[in-house]
Amino acid sequence: MPNSHLSLTQYMFLSPAKVHGTFTVCLSEATAVFGLEIPISQKPPPEGWDSKHVLIHSPLPLKFRSNLLAPGAKMKASGLGCTCGITLVLLSLLAVLHATTAQKNDISIYSFTVDSKVSSRFAHTVVTSRVVNRAETVQEATFQVELPKRAFITNFSMIIEGVTYPGNIKEKAAAQEQYSAAVARGESAGLVKATGRKTEQFQVSVNVAPAAKVTFELVYEELLKRQLGVYELLLKVQPQQLVKHLQMDIHIFEPQGISFLKTESTFMTSELANALTISQNKTKAHIQFKPQKTAGQLDKVLDGNFIVRYDVNRTLSGGSIQIENGYFVHYFAPEGLPTIPKNVIFVIDKSGSMSGRKIQQTREALIKILDDLKPNDQFNLISFSGDVTHWKPLLVPASPENVDQAKRYAANIEAHGGTNINDAMLTAVRLLQSANQKELLSDGSVSLIILLTDGDPTVGETSPARIQKNVQKAIDGQYSLFCLGFGFDVSYVFLEKLALDNGGLARRIYEDSDSALQLQDFYQEVANPLLTAVTFEYPDNAVDKVSQDNFRLLFKGSEIVVVGKLRDQSPDVLSAKVRGQLHMQNITFQTESSVAEQEKEFQSPKYIFHSFMERLWAYLTIQQLLEQMVSASGAEKQALETRALNLSLSYSFVTPLTSMVVTKPEGEQRSEVAEKPVETRNKHKNFYTSHHSFSRFPVGDTMHRKTAGPSRRIPSDPWRDGLRGPPNAPLYPLYHTPGEPDMMLAPSIPGEVLQERAKVTSSPAPIQAPPVILMLPGQSVNRLCVDIKHSQGPMKLLSDPDQGIEVTGQYETEKAQFSWIEVTLKNLQLQVRASPEHVVVTQNRRNSAYKWKETLFSMMPGLNMTMDKTGLLLLSSADKVTVGLLPWDGPGEGLRLLLRDTDRFSSHVNGTLGQFYQDVLWGPPTEADDSKRTLRVQGRDYSATRLVKLDYQEGSPGTEISCWSVEL
């Protein structure tokens, strides 16, 4: 059949290599496929075999390449030569299947549950997955969970056919032998790796017999940290296939009372809205997500975040002391304290590696941060590369004039040169020392140095250890240093020690579209100091084993936590004193708590897990010991490590000092090791790994486990060796993986590279979408298309004081699009700012960035915020006008504004667009042209023309509509 072309969907291979998936190959009676002669059998086909199908007998391994040249193209045998005679549709190699896509190898998850109990900020989360093997052969099941970085894994187990295989937590050194043995066998022994800004991934696999069931269960715990006035519980829902039973339950118990609570999800849609229920009283909340199959809510694979944010009631007091099972926790975050004036020096890296987007985002963030300085603050700017430059010779007050000058200076910072961190830091310290000596710093003020850098020192003093020593000696405990590492080319360990040695902390800034927001958020965390020199005092006869009880600073929106153990003969009432310094005076808070009453408070089994406060004490003590180890050395560091290790083992926490050995059934890789990732230089090196990878296949397949080494290029690459194709066709190299049966794989070549480019013909200009379409309630003419022809600076698009809504925007007439639109909901103190790049939601000084076309479902008192896959963002609330924002990518692309429920506008609505929701009077059509009319709005006449426009309101590609077009 040399000249026939058949699309075949069935086949039989007698080859060492089993194939699976779909791609196209070219064959003839004696064809060369990648230079290998393969005779095709001319034997009669088996009985019942359709004549359009081909039976291939091959005594050799087969090599395939997809989508070769069109039939009739000539090639030499040595260069992939063949005359394509038969087009065969085959199933591609099973190796391309991802191991975690369980359903593709007939592993079915029939139940997936997440249960999280938050008792007084301490979260205990259990993730359970139940799977069954519906295949007739042994298959591999993979359990994968993402958990918060601050969490400690406490338990993992697999139940296989009634037998439990637990995870055992050991000292890391003791587990290292098992880890090393696994690596020596070419197996990936690291079960936990860093996967994102806030998460780590735990993954384990096991072979499952036909019809057998396996239950995976992972338990982890964390203390929720208060940042910018909010506690955040992050849960990942990633079953990766349809699940018959999926349920998530979150129980929160806060004795102080829950002041507000809101949820946010990246997998929720409007169809799933009624699967989410929230019940709440003064001290308790239950959040449940339980989609129903009968409602069609289980027909979609869910994958994303579920976030709960909340805060508790608090007063101007000594805080809240809570007691359970012989342990106590003291939460301290008083309300109503005035902010202490600060003296802040920003030390900005402008070396060559900061060029491009980094320095642009740094300038953007710095300008916004300068705007947030308070009049009684003092500040200065230092920029450095190989040399160090300061903006002013001394610190200056944050007056409007000085801030404006500083913003102009920041806007002109350019990146070039090396990185002289040592001299930059010492210059900052000298500026503060000079101001102090000249008595320019106000009494009781707080002095801060904020360093931003993206690389290691390359100029001047380059030894990290000596720089740390120099800076610590210069600061001498007088000032607090905060270090921000931009990206992954900087040594985070170096910055962390530099900060912790000097009473501050370090933070990584991730390179992304929201890097400027990350910088602003960090500044907001330290922008408002409330107290200095904070100490906690308890009666010696009442408490024991108290965690850290003195702190340099307390910032607005944060919280200090102290934990300890009650002595056996402790008093019936536990009292405490908290001392600190305000701006111009000392202050002492006193508080007390009844032991019996507190013990009774925590007896609800539905919300409380056993001995949670003892585990909270162990968790926080370990975290503080690990932090103290960074700055310690010698015998002190060893003593801290020993304490942290003993606590980790006693309470079964996987910490940087311990490992969990996961056991498996006999006949498999017997054990794997889970270890806590730590921050390092490179995001791809945050976890133990080897130079080998372990690819998993269903047991019983002819494919086998492989040890992957470096890929080697096959010498004969037809695209590089003269194979004819389009003049601008991309190159598609071939790779061979050592250790495999002799197969070669290549990415599919797009069909368009094998076709001639279509000739471009002129066509009429496409119908454009107007910048704004207004739906006018109560009007016979219900669509008004608004074209903005004249715009200077930001525009107040609409404002309704009765609704508490204000919308502003910047319209660029040259580009004929909005560069940004901002919606302010005054009653909620919430702003939504949309740009072509992303959406930023700001509430209580906290920023959250969302990329367009990523689903979002957020519920909070007074507002529902949703975004679908088209990018339509809707802000809606009962009895309020619904405001929508859309990144329109059709003709006339750019940001678009939508308004719904406009009959809810009050009579006080105003603004460039808001005026059209006042009394609008339409004049009759003109005699000469009935497509033209006049409308009068608040005494001003506008000409309106009937035109055909694209309606963007339902997303791209839009629909043609006839509307009255008005130019502003």
Side-chain angles (χ1 to χ4, degrees), residues 119-124 150-152 154 169 171 221-225 255 318-333 500 534-552 554 559-580 589-599 601-602 608-632 635-658 676:
S119 305
S120 190
R121 287 78 142 174
F122 194 58
H124 173 92
R150 287 182 55 83
F152 289 157
T154 67
I169 295 177
E171 182 182 356
E221 295 174 347
E222 64 172 323
L223 178 62
L224 303 183
K225 185 177 181 180
S320 172
I321 298 178
Q322 299 165 24
I323 301 168
E324 189 257 349
N325 200 31
Y327 287 81
F328 77 91
V329 58
H330 187 172
Y331 293 110
F332 181 70
L500 293 176
V534 185
T535 60
F536 291 73
E537 299 174 7
Y538 307 96
D540 291 337
N541 65 338
V543 300
D544 190 20
K545 299 181 180 179
V546 177
S547 64
Q548 180 181 341
D549 57 7
N550 61 87
F551 303 85
R552 182 176 290 193
L554 170 68
E559 183 175 62
I560 295 177
V561 185
V562 178
V563 291
K565 188 178 186 302
L566 298 181
R567 294 187 182 275
D568 292 339
Q569 304 298 323
S570 63
D572 295 335
V573 174
L574 176 61
S575 61
K577 291 182 179 180
V578 184
R579 303 182 189 275
F589 298 93
Q590 295 193 29
T591 188
E592 60 182 28
S593 186
S594 167
V595 175
E597 289 180 6
Q598 285 291 312
E599 291 278 9
E601 188 97 51
F602 290 101
I608 308 303
F609 54 95
H610 180 63
S611 299
F612 88 92
M613 201 163 288
E614 181 178 354
R615 298 190 62 79
L616 189 165
W617 166 81
Y619 172 96
L620 184 60
T621 302
I622 293 169
Q623 291 278 24
Q624 292 177 349
L625 291 170
L626 293 173
E627 189 175 282
Q628 292 165 20
M629 284 170 54
V630 174
S631 297
E636 180 189 5
K637 183 173 184 177
Q638 184 59 51
L640 293 169
E641 181 175 327
T642 300
R643 284 186 61 200
L645 173 61
N646 290 338
L647 283 173
S648 300
L649 294 172
S650 297
Y651 290 91
S652 297
F653 285 132
V654 178
T655 71
L657 304 176
T658 57
K676 182 76 174 171

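Just so we're clear, the structure is a prediction, and the values are computed from it rather than from any experiment. Numbering of residues begins at 1 and proceeds along the displayed sequence.
Looking at L647 and L625, their side chains come closer than 4.5 Å, going by heavy atoms from C-beta outward. I323 places a side-chain heavy atom less than 4.5 Å from the side chain of E599. Considering only heavy atoms from C-beta on, V329 comes within 4.5 Å of V563 through its side chain. In this structure the side chain of V578 never reaches within 4.5 angstrom of the side chain of T591, judged on heavy atoms. Contact of the D549 side chain with the T535 side chain is not registered, since no non-hydrogen atoms from C-beta on lie closer than 4.5 Å. The shortest side-chain heavy-atom distance between T621 and K545 does not fall under the 4.5 Å cut-off.
Rounding to the nearest 0.5 Å places CZ of R615 at 14.0 Å from CG of L620. To the nearest 0.5 Å, the span separating NE2 on H124 from CG on L616 amounts to 13.5 Å. Note: E597 CD to D572 CG = 10.5 Å, rounded to the nearest 0.5 Å. The line from CD of Q590 to NZ of K577 is 5.0 Å long, rounded to the nearest 0.5 Å. Rounding to the nearest 0.5 Å places CE of M613 at 7.5 Å from CD of Q598. The distance from the CD atom of E171 to the CG atom of L645 is 4.5 Å, given to the nearest 0.5 Å.
Between the side chain of H330 and the main chain of I560, no donor-acceptor pair closer than 3.5 Å is present. S570 places a side-chain N or O within 3.5 Å of a backbone atom of R567 that can act as its donor or acceptor partner. The main-chain N or O of I321 is found under 3.5 Å from a side-chain atom of S593 such that the two form a donor-acceptor pair.
With sequence neighbours left out, the side-chain hydrogen bond (donor to acceptor under 3.5 Å, both in side chains) criterion links Q548 to no other residue. Annotation: salt bridge (Lys or Arg N to Asp or Glu O under 4.0 Å) contacts of E559 (sequence neighbours excluded): R121, R314. Applying the salt bridge (Lys or Arg N to Asp or Glu O under 4.0 Å) test to R579 and every residue at least two apart in sequence or in another chain returns E537. Not counting sequence neighbours, the partners of E222 by the side chain to side chain contact (heavy atoms under 4.5 Å, CB included) test are A123, P148, R150, A151, L224, L233, Y619. When the ring-ring contact (aromatic ring centres under 6.0 Å, His included) test is applied to Y331, no partner is found at least two apart in sequence or on another chain. Listed by chain and residue number, D501 satisfy the side-chain hydrogen bond (donor to acceptor under 3.5 Å, both in side chains) test with S631 (two or more places apart in sequence, or in another chain). Partners of E636 by salt bridge (Lys or Arg N to Asp or Glu O under 4.0 Å), not counting sequence neighbours: none found. For S320, the side-chain hydrogen bond (donor to acceptor under 3.5 Å, both in side chains) partners at least two apart in sequence or on another chain are Q322. Checked against ring-ring contact (aromatic ring centres under 6.0 Å, His included), F653 has the following partners two or more places apart in sequence or in another chain: F152. Legend: residues meeting side chain to side chain contact (heavy atoms under 4.5 Å, CB included) with V573, ordered by chain and number and at least two apart, are E592. Residues satisfying the side chain to side chain contact (heavy atoms under 4.5 Å, CB included) criterion with E614, sequence neighbours excluded, are N325, Y327, S611, Y651. With sequence neighbours excluded, the residues forming a ring-ring contact (aromatic ring centres under 6.0 Å, His included) with F328 are Y538, listed by chain and number.
Residue F332 forms a side chain to side chain contact (heavy atoms under 4.5 Å, CB included) with just one option from V561, V562, V534, and that option is V534.
For the residue pair K637 and A632, the shortest heavy atom distance occurs at CD-O, 3.7 Å. Here the shortest heavy-atom pairing between I622 and A644 reads CG1-O, 4.2 Å.
More than 12 heavy-atom neighbours from other residues, nucleotides or ligands sit within 6.0 angstrom of CG on N541.
Ring geometry for F612 versus F602: interplanar angle of 30 to 60°, hence tilted.
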